[in-house]
Novice: 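Here it is: the structure, laid out below.
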Amino acid sequence: MKTFNSSFNRLLIVSYRLPFTIQQTDEGPEILQNSGGLVSAVLSMAEQMGQNQEKSATKIHWVGHGDSSLQQLDPSALENDTFVAHPVFMDEAVHKGFYEGFSNDLIWPLFHYFPSYASFKEHDFDCYRQANIRFLEELTALIEPGDLVWIHDFQLMLLPDLLRQAMPDTSIGYFFHIPFPNYEIIKLLPRTWRQALIEGVLGADVVGFHTTDYVQHFMQSVSEVLELPIIGQRVVLPDRSIHVNAFPISIDFNKFNTIGQDSEVFATQQYYMNLLRHNKIIFSVDRLDYTKGIISRLQGYERFLIQNPDWHDKVTFVMTVVPSRDKISQYQELKREIEETIGRINGLFGTIGWRPIVYSYRSLTFTELLALYTACDIALITPIRDGMNLVCKEFVASRHDLKGVLILSELAGAAQELRDAIIINPTDTQEVADAIKQALLMPLAEQESRLLHMRKHLQNHNVFRWSHNFLTAFNDMITNSTDLETDLPIQPFITAFGDARKRLLLVDFDGTLAPIVNDPAEARPSEALKTILINLAENSDVVVISGRNRLFLEKTFTDISVYLVAEHGAFLKKPDQPWERLDLSTDDWVDPVRLTMNQFVDRFPGSFVEGKETAIAWHYRIAEGEDVEGQAIDLAAQLRRVSSSIPLTVIQGNKVVEVKPAKHSKGTVAQTIAEQKPYDFIISIGDDTTDEDMFRQLPNWAYTMKVGSGVSFARYRLARQQDVETLLLRMNDVLIEA
Ligand code: GDG
């Protein structure tokens, strides 16, 4: 594995928020670094990247939104030993539409599966784009060759592609901190927005999510929205590919483990326990948000109190809600509902000496937070949806005493890792009530064993591992960027090919041997590929199997000793022999089909009809007009109704609708050829729908390969047309070595 510092010069982090607060001191303003997980992770990355470098080179540049007060500051005030802050300023109105509007009122609710809270405003999307462009302007002034730019979160989904367009050689990473929802949710976005957001993210070289579910959802959207091929963890573009994977974020385990034992934390913890008369403590802390499941948590606790009167006066729920966005009516309403519910529960069950819920609406100091993590008997973390949730990980890490129980919602990303928590569904009030009771009664030995498992996991999967894995994915991408994009097990395949005695290669032409071009007459295989085919044909039977007519194929493959199959199997030409016509059907169907197709030529300028000897095709690759794709489907439907004395096949291919007699297909001819000799190695490669007949009709041990995306009968996949050449080259090399 390459080391980080061999690949990158400086690290530039871009996130909506700068992780600093500015404090006025006697010496003037000073930046104070926040101590969040991202900052710790980034600091460790900087250390890894800059082991042998001058200190100034290892400083991390952090680009984030700055409010206008920062504009007055001297730039030197925005730098400390580790960081240089680069505030991005923008017009207040743009910021409002970008942050409060598109980010918080659309993406946040939608991506957390609250579509009814989402507000779709064109103006906000416009502001979102403008704000992303403002970030771009700041970045382009900053970037130097060799820098690694790591962009964070849902506020900056357009930025990776904007940066790729502006500075194509930049190394760009992107990490998404909230859930990526399934395609049914993404589909709610207007087409142009969803396309822009997904294309935006794909500007990066490496894209990270918290869980494999989010990765799958993203990949599904990539394939539905942009129809791009996906091979394993890569999205394949014509000129590069993007590595997409799960990198579950975590915490600085040692920090929480150590501070959990700090004397000030201990004193505060004892103070709380005394105040609460050594009752059992249930603790929760969340930002005020509808995704956090605060109301259903309260309902679960209420149900527990109703069903377990013997626990009254013996348990206290310490619920802290951290103020957030409470100027917005939806959040004000949520706050009111939370406070009413708490008031009702306390009124119903409380006594002069016992408050069932101790509620505060404020932020805790770090010491208070740690004191509550270590004082509580139960951490009750029940979001309705959460990208990861770090609070539950921090609770586990701070429990060096191996006491306490974590109750965790299955809808938090963290539930995929912390399997030894009591996992609940937060909307199931009874399940929450039962989990509270189970936790209160849990024997110490079981608490200890569950915590030990979870702590061991977090010790290994800490925030440093997260950033390390992300950077490693980067290095691997760069090292392997010219690799073949395929899911084929290459080594066994090459060995099988080299060892075979009788080999058959069946290869489609357009989109397989030759790239797709606007004018079909211009399609050509590269000279390098022709040479490979000439070499391969010396030791194997190579068949070019196409829908093209005889003349075109013969002209394209003059002097190459390959078999040619024209018009989807209607004609066969063996090396050095004349053409054989395999299809002898009547042609009473041609005229009505041509007539219908000509009507479409009139409607869509640029499209044309190609008449072959046994087939007829309408090509619309460069056709102009509305919804050509939809109209092509209509044409195919009309053509299926044409009456004829023989059965016909209507093929909807890559920008072409074609009609031919049903009797012959690439499948029938491939099967006939495959049965003529005792082949012990067969490979067939194709990209189009007609190649599916071939994949279906060849023996199931044959290596069938689909080029590009889409459903297929093929066993394997090659991502791009260029991969065909790379694969054939490797096959050729093994024969030369032998
Ligand atoms: C996004 C995703 C994902 C909370 N209250 C207080 C306080 N905190 C600290 C906690 C923790 C952090 O804030 C909250 O962690 P989350 O995991 O909820 O993270 P967010 O940044 O809100 O949200 C989330 C995360 O990104 C990371 O990718 O896990 O799913 O929504 O560190 O300790 N800290 C103090 N007082 C408080 O009252 N001092």
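Both counts, for ligands and for their atoms, begin at 1 and track the order of listing.
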Novice: Between F120 and F102, is the ring centre distance below 6.0 Å?
Specialist: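 Centroid distance F120-F102: not below 6.0 Å, so no.
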Novice: Between F111 and F154, does the ring centre distance come in under 6.0 Å?
Specialist: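 Here the rings of F154 and F111 have centres that are no less than 6.0 Å from each other.
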Novice: I need the minimum non-hydrogen distance between A246 and H210, along with the two atoms involved.
Specialist: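 That closest heavy-atom pairing would be CB-O, 4.1 Å.
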Novice: Please report the interatomic distance NE2(H457) to CG(N462), rounded to the nearest 0.5 Å.
Specialist: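 So the NE2 of H457 and the CG of N462 are separated by 10.0 Å.
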Novice: Just distances here: any N/O of W108 and N/O of ligand 1 closer than 3.5 Å?
Specialist: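 No, since none of the N or O atoms of W108 sits under 3.5 Å from an N or O of ligand 1.
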Novice: Does the cation-pi check pass for R10 over W150, that is, NZ or CZ under 6.0 Å from the six-membered ring centre and within 45° of its axis?
Specialist: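 No, R10 does not sit over the ring of W150.
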Novice: Any N or O of R362 that comes nearer than 3.5 Å to an N or O of ligand 1?
Specialist: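 N/O-N/O distance below 3.5 Å does not exist for this pair.
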Novice: Under 4.0 Å, heavy-atom basis, I'd like to know which part of H210 is in contact with ligand 1: side chain, backbone, both or neither.
Specialist: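 For H210, only side-chain atoms sit under 4.0 Å from ligand 1.
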Novice: Is E368 close enough to touch ligand 1? Criterion: a residue heavy atom under 4.0 Å from a ligand atom.
Specialist: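 No, E368 has no heavy atoms under 4.0 Å from ligand 1.
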Novice: When you compare ligand 1 with L369, is there at least one nitrogen or oxygen pair between them that comes in under 3.5 angstrom?
Specialist: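 Min N/O separation from ligand 1 is not below 3.5 Å for L369.
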Novice: Which of parallel (below 30°), tilted (30 to 60°) and perpendicular (above 60°) describes H152 and H177?
Specialist: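 Geometry flag for H177 against H152: tilted rings.
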Novice: Can you sort out which atoms of ligand 1 are near I249, meaning under 4.0 Å from one of its heavy atoms?
Specialist: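 It comes down to these atoms of ligand 1: 27 (C), 28 (O).
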Novice: Have a look at E394, R287, K292, M388 and point out the one with the heavy atom closest to atom 18 (O) of ligand 1.
Specialist: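 Result: the heavy atom closest to atom 18 (O) of ligand 1 is in K292.
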Novice: At a 4.0 Å threshold, what atoms of ligand 1 neighbour a non-hydrogen atom of L390?
Specialist: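 Those atoms are 15 (O), 16 (P), 17 (O), 27 (C), 29 (O).
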Novice: Can you list the ligand 1 atoms lying under 4.0 Å from a non-hydrogen atom of S363?
Specialist: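 Matching atoms, with element in brackets: 36 (N), 37 (C), 38 (O).
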Novice: First locate atom CD1 of I294, then atom OG of S284, and finally report the distance between them rounded to the nearest 0.5 Å.
Specialist: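 Interatomic distance, I294 CD1 to S284 OG, rounded to 0.5 Å: 7.0 Å.
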Novice: Measure from the side-chain N and O atoms of S250 to the backbone N and O of H461, and report whether any donor-acceptor pair falls under 3.5 Å.
Specialist: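 The answer is yes, because a donor-acceptor pair under 3.5 Å joins these two groups.
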Novice: Under a 4.0 angstrom heavy-atom cut-off, which atoms of ligand 1 come close to D386?
Specialist: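 In order of number, 24 (C), 30 (O), 31 (O).
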Novice: Pull out every atom of ligand 1 sitting under 4.0 Å from any heavy atom of V322, numbered as shown with elements.
Specialist: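 Result: 5 (N), 38 (O).
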Novice: For ligand 1, which atoms have a heavy atom of V285 less than 4.0 angstrom away?
Specialist: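 Reading through ligand 1 atom by atom, the close ones are 5 (N).
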Novice: Using a strict 4.0 Å cut-off to heavy atoms of G387, name the atoms of ligand 1 that fall inside it.
Specialist: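 Answer for ligand 1: 30 (O).
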Novice: Think K335 forms a cation-pi with Y361, using NZ or CZ under 6.0 Å from the six-ring centre and within 45 degrees of its axis?
Specialist: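 Geometry flag: set, cation within 6.0 Å and 45°.
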